[in-house]
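One structure below.
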Amino acid sequence: MENYQHALFFEANNLSDVEVKQIHTHFSIKRRSGGGQCEISKVGDNTYKISFMNKEAQERVLGREDHVINISGREDLRVSLSCDNVAESSKQPKASANQKCASDKSMEKVFKLDFYLLRYLSECKNANSYLEKLLSALYSSFEIHIDSEEVVVRRAAEDMSLKKWEFGVDQVFETLKSRYNIYFEVDREKSEILEQHLYLSGEDLQIYCEEETCLAVVVGERKQVEKILKFVSGLHDQQQIQEECHVSEKQFTLIKEQFESFIKTNLPALQITQEKTGSLLLKGPEKEVHAGKKELLNLAKEIKEKRIPSHRPLVTFLESSGGIQHLQSRFHQRLCSPVTLETSGSDLLLLSLSDGALQEAAVAVQRDLCLETVRLENTQKSSAFNTLKEDLSEAVKQANRDGVKVELKYLDESSFDPKVQLVGYTTEVSRLKSIVLEYKRNHQKHHDSLPLPKAEMADHFPEILSMAGVKKGSVEIKSTRLPSPCIHLTGPRCEVESLKDSLEAFLLSLATKRFEVKGPGVQKFFQSDGTETLKLVKTSYLVCILPIDDGRKSGNVPLYMNIQRFQSLPAAASAQYSLDYDNEIHIKVVVGSLEQQQADVFVAPMIKTNMTSTLIGSSLLKKAGQQLQTNFNNAKGKSALTHGDVLEVDATPALGCSKVFFVECVPKGKNHDSEKALRCGLGRVFALCEQNSWGSVALPIIGPGIVLSMPVKDAVNILTREICKFLSRSAGCLQTICIAIMPNYAHSEEMFQTLCADLSAKMVDNTGQALFNSLTSDLDEIIMPVDRIELHLVFGDITNETTDAIVNTTDFKDFQTCGVCKDILTKAGPHVQGQLTGAQVTSGQIFTTPPGGFPCKTIMHVCGERDASVIKTLAKEIVVQCEHGRYQSVAIPAICAGQGDLDPKVVAKSILEGVKDGVQGANLQYLRTIRIILLKINVFLEFKAMAQQIFGGNTQLTAPAPLVPTNVTSRGRSASTISRRSRSSSLHRSLDLSSLVRALPVTENTAAFLLIGHTDNEVSDACRDLQRAYESQCSTHPFPQEEIERLTHDEMNQLLSKVDSLHLQLEQSSSGGWEVRGLKDGVNEVVGVIQDALRRQVREKDQASLFTQVTWCILGPRGVWHKVPVEVNYKLERRDVKDGIVDAQGVKWTVDLRKMEATACDSGQVTSLKRLENLSDFSLPINWDNMSPSDPFKVFALDQQSTEYQTVKADFKKTVTKTVLKIERIQNMNLRRLYEGRKKELENRNGPGVGAGEKILYHGTSEASCSSIMKSNFNRNFAGQNATVYGNGTYFAVNAIYSANPTYAVPAADGTQLLFVARVLTGHYALGQQGMKTPPVRLAPDHNYDSVVDNIQNPSMFVVFHDCQAYPDYLITFK
């Protein structure tokens, strides 16, 4: 370096060794920078020195203001140089790098240009001509002097001013420099590439090569230069390789000198760059790269390291304060070998090639650096803590005035364990630590305690302290009760000791007294209204009044629910008077076998304790497996079951239940015994469900099968009566009763229709209370919105429909064979049938006729030809013709599914797809409803499944789906929670009210206080005022025993609840009545309960009286009339309906009494209301229309769409194929009164097992006898007109077909026949004999049988001998 004396300086950020080497090359080339031989070294953080061997080179370089150096891998570097000798540097020219004045002559101007650019201008004609053209425009010429690197421009004429001329010439040379580019290639390999491709030179580009310096220079138009450089770079990259070498920057610093010396001597073409932290990139020829990497890694292996465990705060301090650089500098000055320091997580890492230097550096680091954490131990709460902070802050400033030597941080200042953290150099840390320790010694907190004479004083010490008038200063006072009452003082020692002495003296001077106020509700008084009294006494006598808690109950017991209250009664009273809890019961009628259901309990019949004696038992065994038989045998054991017993058997996992109840039945042939056993067995089934808290039960209709052969009506009647009997008592946990009906049995439709009709009629009992909440079935009507119309699937009879259009399916040949066609044509009349006779109808066409006597606007006659495509076409055409005829509704049967015997699935698919094709996209304006009427269960199920497939999620269940109860307040409860069997029954006289009172939670009627004052007199006066204040707010009220006895369970619950919650005292008086004592407001509330009960009793008496006189009814969801509850009946009669009514099932309705209609608030469903006026000794049947006593006989024709009509007709059609023309209800008050009287007489005489034995039977008649029977009843005096085989009585048939015989139902002139549907009381019956005038004796001479039959085992005929034992209910006109 001694030969390089001429220095210049520049600044640059973060230059790598490779970038420094490129800068060195730039300033070594004279023709590129003006420089020459030089050396570059770093003399500061961002300062570099260039030392030239020759002063001329220094001056040439300095003569250019900026040097733009192309650095590979980053933007061009602009270097501005400066010299220490300011005066000398100021002598350098101030013109641009390429231009200066060379003469004083005003007619010429001299420009300094690059040597290679001058050569290019001289050698290239295009460039020379371009310059000549630009200067000629300024009336100038030029001369190029390559040796002196100058261009002299002479002015040839003086047509413009000198200033303007000079400006123009300057612009010419600026344009020249921007047009032509000069690129110096210093890379030896790229220079060689350019030398090998000199042939690329031409008029627009020249390549010059300098052999001595391995320099190549490219001069030419800018685009041409860029093009050739891109070409050279591509060739160069193909010859180079690069490899990454994992050596950190700190490691490279240690071995840099040795490695650079090695590559300078042996690997001159190797380049070193650092493109990412922790590794170096070696570029160059393959051999040099491999050799360089090997040498570099060998040198790196010689580096030794020493890890010094440290702490994160200390590492952070070194990184942020420049401590690493400071220590590094000290290592450089004091150690013989270089050592680097870096951080590694929370440790310090020393690196060096020398073990000795490494050890010395480690000792220095551990000696000079320090981390101290000092616990403040709550002294931060002292008022002097801010002063400590200020002192420490000033000490830190002093320590760091010449550089960061120490840092301070407060840790966990708001926690219970605050600290001061000091980190930095050991000397400064020790100085700050001594300041903190001195502060702790001066402000350490001191703890002391002072015992209190009473525990209550600890709870309310702040109030007592206010009486003392002492100042606590900075001392913290905390009072505690346990383990002994005392106060704890915490703070500076001197303040704590002073305050303790003052408090001891004050406590000794106080007067204290314990005082108790006794009486019901006393604690509640002092916690509410009495608080003002406490404040007034405190202020008046300057005392503290502290409540005393002796651990006794305060009386603030939460209200008990009804069931809890009565559970707390004595055992006997609880069993007798426990309240029924509300439970919703849902009955489901499902189509399917029992073993397919899901329920807690399955019920199956059996004969002689044989599980497989019935088809149901066999089916269960088949699905459950042999384990069920094993369970059955284990349950049976050796015990013998009697008729009506129930065997409980554990189910197997294969069944959807937990238990199977097998009912021991009586086989066919023993009618009375069979019915009695079934009735008994079903009663036990429901009782077991209640006892074992089962939630659901599934059972079939037991009886109509082969084994028992019981009539469907009888079997259904027994099942529904036992269900209703059970529900009228209590359902316990039972919520769901599932009744399964097999779809393909001979009696499936009859069972379904009879069951639903029976259950619908019994859903609400005679008192207007709902026995169950909903009745649903798999055959409920389905509605599907399809475009703008509604498509209905209905299980029923098309002859009951009243749509605008009716579709009749026929073969246009046979009109008399039984079936739907015959029924339709019979009702339509002979004129319509005459139009069909001989009609010529092509395939897929519809033949339309007027309706005749059928209640519609038109009849469409079709023939499906047992062809699916024809049926589909007909269905679509029906829609088209209805729209064309402007009909709003149409009813369609299952075409060809009946007598056509076509697969119901095929029929369903054809009709539904045909309807869909006719409706979708047709923009129908008139047709709104399409009803598909399906007579058979299996056909309905196929249509239902197909509808789901074709119309997807559009299907939905409609009426008679259950209505949702509405929460409407009724007598303190929501209507939805009114029990099905709730009754306003009063308490029994034998119930001991004292036991109920004793069952209440024990409450403490004492309020205890600790009074603290300055004198004994003040404390005594305060006690007296407290007692007087409580006594002024108390009262007593007596109740007679009879008023208590008339309370209902709910009212008694309410009474006891108020006594409990209001902390009253209820006691029996000496006169036998009761007294309630306590605070006035509470006593008044109890009086209000008694008065409300009295008003309720009067109201209920009025309601009950009215209920016997007038009965309001509402039409239920299945078309069956139900009585409304008693209270609703009262509201309707008083026309108090502005708030609506709530029916027995908890559904709220708005009422229009003018239209006698009710609208459901939730669903919007509209139904009918009716009002029946009863006689004093006779209540009108609920299905009757209202009648006046002055007009006791009326005949009403039934609406064929009503449930009543359809039920009567369905029963008739089970055995008769003839067409029903009309059904009339006979309302004869006198006859029905006598009938009901006889019925009650038989029920009382025969007991619950047989009862009156009411049956629905048939009696054929003639037109001549009809009127007499309706008005005067059946007359046994006429016996013998038709037959007297079983006695001289009135004959009734089980099946309508018998009575429909023309012998009994004598045809009129027009061919119509008449038949009575009669209610008959059969009771106990015996075998009839010819000549009998009364039934035979049963038990005693005055105790005869009630009727006789033709066959004891399976009666088909009943004969009664008492005129009041039958009632003509309906008259059917058929043909």
Side-chain angles (χ1 to χ4, degrees), residues 779-796 798 800-809 844-848 851 854-862 864 868-895 897 905-934 939-961 963 1117 1119 1157 1159-1160 1162-1167 1201:
L779 304 183
D780 286 340
E781 184 174 332
I782 301 294
I783 185 170
M784 294 155 285
V786 181
D787 278 10
R788 300 175 65 178
I789 66 107
E790 287 184 350
L791 178 63
H792 296 246
L793 299 183
V794 183
F795 177 68
I798 196 170
N800 295 331
E801 293 295 309
T802 57
T803 52
D804 289 351
I806 293 290
V807 176
N808 174 37
T809 175
Q845 295 299 309
I846 300 174
F847 187 83
T848 305
F854 203 97
C856 65
K857 295 180 180 180
T858 187
I859 302 178
M860 299 180 179
H861 307 274
V862 300
S869 61
V870 173
I871 296 172
K872 181 176 178 180
T873 302
L874 286 171
K876 180 178 179 181
E877 188 61 24
I878 289 169
V879 174
V880 173
Q881 289 204 21
C882 285
E883 177 68 13
H884 185 265
R886 299 188 177 187
Y887 300 126
Q888 293 188 354
S889 57
V890 60
I892 306 172
I895 302 171
K905 186 174 183 180
V906 174
V907 175
K909 187 173 188 296
S910 302
I911 292 180
L912 292 175
E913 287 182 348
V915 169
K916 182 178 180 182
D917 292 346
V919 169
Q920 287 187 341
N923 193 24
L924 302 178
Q925 299 299 316
Y926 300 100
L927 185 60
R928 287 290 174 265
T929 305
I930 299 176
R931 292 171 62 83
I932 299 178
I933 313 302
L934 309 163
V939 177
F940 181 90
L941 295 177
E942 290 292 354
F943 269 80
K944 184 177 179 180
M946 188 59 65
Q948 292 282 356
Q949 181 178 332
I950 294 176
F951 299 104
N954 290 331
T955 60
Q956 65 183 58
L957 182 68
T958 61
L963 295 169
E1157 288 181 349
T1159 304
D1162 286 343
S1163 66
Q1165 176 185 339
V1166 179
T1167 192
Q1201 278 201 311

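Just so you know, residue 1 is the first one in the sequence shown, and it goes up from there.
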Between [atom1] on residue [X] and [atom2] on residue [Y], distance to nearest 0.5 Å:
{"X": "L941", "Y": "L779", "atom1": "CG", "atom2": "CG", "answer": "6.0 Å"}
{"X": "R886", "Y": "L927", "atom1": "CZ", "atom2": "CG", "answer": "13.5 Å"}
{"X": "M860", "Y": "T858", "atom1": "CE", "atom2": "OG1", "answer": "5.5 Å"}
{"X": "I950", "Y": "K909", "atom1": "CD1", "atom2": "NZ", "answer": "6.5 Å"}
{"X": "I895", "Y": "N808", "atom1": "CD1", "atom2": "CG", "answer": "10.0 Å"}
{"X": "L912", "Y": "I930", "atom1": "CG", "atom2": "CD1", "answer": "10.0 Å"}

I'd like to check the ring pair (Phe, Tyr, Trp, His ring centres under 6.0 Å) partners of F795; sequence neighbours left out, ordered by chain and number.
F752
Within 6.0 angstrom of E1157 CD, more than 12 heavy atoms from elsewhere
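More than 12 within 6.0 Å, yes.
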List the steps and the verdict of side-chain contact (heavy atoms from CB on, under 4.5 Å) for F951 and L791.
CA-CA 10 Å; F951 299 104; L791 178 63; 3.8 Å; yes
Could you tell me which non-hydrogen atom of [X] sits nearest to which non-hydrogen atom of [Y], and how far apart they are?
{"X": "G844", "Y": "T873", "result": "O-CG2, 4.4 Å"}
{"X": "I878", "Y": "V807", "result": "CD1-CG2, 3.8 Å"}
{"X": "C882", "Y": "V890", "result": "SG-CB, 3.6 Å"}
{"X": "P851", "Y": "K857", "result": "CD-O, 3.3 Å"}
{"X": "V939", "Y": "A894", "result": "CG1-CB, 3.8 Å"}
{"X": "E877", "Y": "I846", "result": "CG-CD1, 3.6 Å"}

Identify, with sequence neighbours excluded, every residue that meets side-chain contact (heavy atoms from CB on, under 4.5 Å) alongside I806.
I798, E801, T803, I824, F854, C856, A891
Can you give the donor-acceptor pairs under 3.5 Å from side chains of residues 914-925 to other protein atoms, not counting sequence neighbours?
residue : atom : partner : partner atom : Å
N923    : OD1  : R788    : NH1          : 2.7
N923    : OD1  : Q925    : NE2          : 3.3
Q925    : NE2  : N923    : O            : 3.2

Between the side chain of E790 and the main-chain N/O of R928, is any donor-acceptor distance below 3.5 Å?
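Not confirmed, E790 side chain does not pair with R928 backbone.
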Is the backbone of D804 close enough, under 3.5 Å, to the side chain of S889 for a donor and an acceptor to pair up by distance?
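Judged by distance alone, yes, a pair lies under 3.5 Å.
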Would you check if I933 and P893 make a side-chain contact, meaning some heavy-atom pair closer than 4.5 Å?
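Sidechains of P893 and I933: no contact.
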Residue of the set V862, T809, I911 for which side chain to side chain contact (heavy atoms under 4.5 Å, CB included) holds with I871:
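For I871, the side chain to side chain contact (heavy atoms under 4.5 Å, CB included) test succeeds with only one of V862, T809, I911, which is I911.
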